[in-house]
Structure formats: C-alpha cells, structure tokens
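Just below is one structure, and these are the notes that go with it.
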Amino acid sequence: MNEGGLRLVPNPAADKTLNIFLPEMPSMSCSIAVTNITGKKIFEKKIIKELSSDFISLSNLPFEGDGLYFLTAEIDGIIYSQKFQVGSR
C-alpha cells in the first residue's frame, strides 16, 4: 500500500464530509473504500474523476461515531491508504 499522494482534509473530520486529494492518475476512475478500526467496510464507491480535478468530496459518510478510520483508494491497480480521525482528537 502507498500513502504517497493521497491527502484527506479535514483530519480529524468534524462532520460526515471528507475531502480527498488524489495523486495524479491517468485513469478516469478509482474505487474508494472506508473501513473502521475493526476492518468493517462502512462505505464503498467507484468514482469517475473529472478531467480537471484531483479532488473528490464525499458527504453523508456513515461514520459509526468518533474514532479512527481508514480510506483506501485503488487507482490503476495501485492501492493508496490513509488513516483519519473522526471527532475530536
């Protein structure tokens, strides 16, 4: 897994919205998954990227309360992973 190039804002997330800055990618699509600390998948979506944007905003994510979560993005066969916090630190 690779953390390079994937950035999540805000971190910690204060509400059910997460902004994802993706690495440069030749592909127009990517798969996004969010798991909780126990590995339970709480969100999964295939996203078609707009040509001019390396930014995706996800809203109304079904977080199961405050805590540590992991976002995984698969782009062109490369898996990027980043942990993030929901709620106060």
Side-chain angles (χ1 to χ4, degrees):
M1 282 196 219
N2 187 348
E3 283 191 18
L6 183 67
R7 194 166 53 99
L8 307 177
V9 178
N11 191 3
D15 58 18
K16 295 182 179 238
T17 300
L18 189 62
N19 300 309
I20 306 165
F21 293 89
L22 298 167
E24 288 187 28
M25 55 188 216
S27 177
M28 296 304 293
S29 66
C30 67
S31 297
I32 303 282
V34 175
T35 57
N36 65 17
I37 191 73
T38 66
K40 178 182 172 188
K41 194 176 291 184
I42 62 163
F43 177 84
E44 185 171 34
K45 186 173 186 176
K46 187 163 191 151
I47 296 173
I48 304 299
K49 179 177 128 18
E50 293 183 27
L51 267 176
S52 61
S53 177
D54 292 332
F55 169 81
I56 296 171
S57 182
L58 301 176
S59 58
N60 297 318
L61 291 169
F63 296 127
E64 300 173 329
D66 292 355
L68 189 62
Y69 292 83
F70 298 90
L71 181 131
T72 304
E74 183 174 352
I75 305 166
D76 295 328
I78 300 172
I79 298 174
Y80 298 87
S81 182
Q82 183 73 45
K83 66 182 174 183
F84 65 98
Q85 182 81 25
V86 172
S88 59
R89 287 186 187 216

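Here the structure is a predicted model, which is why all the values come from computation and not from measurement. Only this structure's heavy atoms are used, side chains among them; waters, hydrogens and symmetry mates stay out.
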Atom pair [atom1] ([X]) and [atom2] ([Y]), whose distance is rounded to the nearest 0.5 Å:
X	Y	atom1	atom2	answer
Asn11	Lys83	CG	NZ	9.5 Å
Leu8	Asn19	CG	CG	9.0 Å
Thr72	Leu6	OG1	CG	9.0 Å
Ile37	Leu68	CD1	CG	4.0 Å
Leu71	Leu61	CG	CG	9.0 Å
Lys45	Ser31	NZ	OG	12.0 Å

Give me the atom names and distance for the closest heavy-atom approach of [X] to [Y].
X	Y	answer
Phe63	Val34	CE2-CG1, 4.4 Å
Leu18	Pro10	CD1-O, 3.8 Å
Val86	Gly65	CG1-O, 3.9 Å
Pro12	Gly87	CB-O, 3.2 Å

**Item:** By salt bridge (Lys or Arg N to Asp or Glu O under 4.0 Å) - contacts of Lys40 (at least two apart)
**Value:**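 Salt bridge (Lys or Arg N to Asp or Glu O under 4.0 Å) list for Lys40, sorted by chain: Glu64.
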**Request:** Consider only side-chain heavy atoms of I, L, V, M, F, W and Y, link residues closer than 4.5 Å, and tell whether Phe70 and Tyr80 are in one cluster.
**Result:**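 They do not share one cluster, since no chain of ILVMFWY contacts under 4.5 Å joins Phe70 to Tyr80.
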**Item:** Listed partners of Phe43 passing ring-ring contact (aromatic ring centres under 6.0 Å, His included), at least two apart
**Value:**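 Applying ring-ring contact (aromatic ring centres under 6.0 Å, His included) to Phe43 gives none.
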